[in-house]
Every structure is written in C-alpha cells, then in structure tokens.
Amino acid sequence: DTGVSQDPRHKITKRGQNVTFRCDPISEHNRLYWYRQTLGQGPEFLTYFQNEAQLEKSRLLSDRFSAERPKGSFSTLEIQRTEQGDSAMYLCASSLEGGQSVGYTFGSGTRLTVV
Amino acid sequence: DQQVKQNSPSLSVQEGRISILNCDYTNSMFDYFLWYKKYPAEGPTFLISISSIKDKNEDGRFTVFLNKSAKHLSLHIVPSQPGDSAVYFCAASGTTSGTYKYIFGTGTRLKVLA
C-alpha cells in the first residue's frame, strides 16, 4: 500500500468553473476525511466518512461543495462555481475506526488556484 | 473561535539543543491530542499522540506533555536535528463527545540551525 493518494496534485481553474478532486485512502481504513488548508493556517475540517456514510460536515462546507464516497473506498470532493476564496490546499486523510492514538494518514494534497 | 492555539508562529533552535513547541486549547471535552510535522509540498505526518488519561508520552527524541488543568500541551524534541526543521501542528479531538474529527492549531515553524 502506497498510502493516501490524491489527484490531481495541482489544479488551476477559472472562477466560476467546477472542479473535482479524488482521494484514494489506505485500503483497510474505513474512515476518510477532507480538510482544507490556507496559507499560515492549520488544516480546517470539511467533512468525514465512515465507510460510505458521510457522518459530519463542517459549516465551512457551503452548498457549492459536495463530497462522496460511493463504495466506501475512494472519495471525490467537488466544488461548483469556484470562487477565488476557494484557493487552498485540499487534504484528504484516512484512519481506522478506533485508531485515535495514531491519528490520520494524510495525502500530499491537491493545491487549487482559482484565477 | 480558535479552539486550538499555537501562539508562536516560529522558533529557531541550535542543533543538539532542546526544541519546545507549545499548544493551548479551550475545549475541556478534548480527550486525544496529536502532533503532526509538515514539510513543504507534503501532507502532514503523524508524530506522537497523548490521551487525556496521561500527562506524558515519549517516543525516541520526542516527548509530549499534557497539563489538563491549564489546557496546555507541549512537544519537546531532544536533541534537535536539522532534519526536524518543519511546521509542527498540534491537533485535538473530543472522542467522548462522539466526534472523531481533529481540530488543528495554526502551526509553529521550527528551524534547527546547524
């Protein structure tokens, strides 16, 4: 297993366009998380899944954002009608249920630039 | 409302000396705490954890101390090495309240000088 994979690594898009990011977690991990990080800030929680169920969503996740994990394996995060304020690093992480002591394993992130 | 705070944005330490990174939190429901290290262009990497039933946890050169009454934790790195230069984030979770998300601080950039 090569860890958590995110695709693409970088995305430049024009304001108003839709973008979709993909995350492939560690195969045996049943929890998957999306975070967003902007310059000078720590990762901010967006949403998390246990298997295919989306169990929690942040208030940061406006109705332009949607996340799915259709078969409890990979996940996608879509941003519709992108705005310049959406420019950030989008991080995906996965963990085992009950694995609080070892935290998450993060991917390398997708850097989004909205121009 | 920043529930997890790292008030020092940066820290410089000589190689071989101790690095102490601090973190404060406000939510008394937090019961698990983690430290992550982040290099540029990479995702954060888990470093060490501590649960609220302990006040200290060690792993090699890294020790985390938890003071629940002060809602404060610190990460000690001894001895510091140039490869430790990175941004360090503390994170907290309130698993007893049924949420498994971690809340992160804003990070402290550590520079270890050779």
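Residue numbering restarts at 1 for every chain, and letters A, B, ... go by the order of the sequence lines.
- Going from atom CZ of A:F106 over to atom OG1 of B:T45 covers 9.5 Å, rounded to the nearest 0.5 Å.
- Within the model, atoms CD of A:Q37 and CZ of B:F89 stand 4.5 Å from one another, a figure rounded to the nearest 0.5 Å.
- Residues A:Y35 and B:K101 meet the side-chain proximity criterion, which asks for heavy atoms closer than 4.5 Å.
- Taking OH of A:Y33 as the reference point, atom OH of B:Y102 lies at 8.0 Å (rounded to 0.5 Å).
- There is a path of hydrophobic side-chain contacts, each under 4.5 Å, that joins B:L11 to B:V112.
- Around the CZ atom of B:R17, the shell of radius 6.0 Å holds no more than 12 heavy atoms that belong to other residues, nucleotides or ligands.
- Following chains of ILVMFWY side-chain contacts shorter than 4.5 Å, one cannot reach A:V4 starting from A:F74, and the two form parts of different hydrophobic clusters.
- Within 6.0 Å of CD in A:E68 there are 12 or fewer heavy atoms belonging to other residues, nucleotides or ligands.
- Within a 6.0 Å radius of CZ in A:R64, more than 12 heavy atoms belonging to other residues, nucleotides or ligands are found.
- Taken together through direct or relayed side-chain contacts under 4.5 Å among Ile, Leu, Val, Met, Phe, Trp and Tyr, B:L75 and B:I20 form parts of separate hydrophobic clusters.
- Contact annotation for A:R111: neither backbone nor side-chain heavy atoms come within less than 4.5 Å of a heavy atom of chain B.
- Of the atoms belonging to B:Y36, it is side-chain heavy atoms, and not backbone ones, that fall under 4.5 Å from chain A.
- Rounded to the nearest 0.5 Å, atoms OH (A:Y104) and OG (B:S93) are 6.5 Å apart.
- Nearest heavy atom pair, residue B:G43 against residue A:L91, reads CA-CD2, 4.2 Å.
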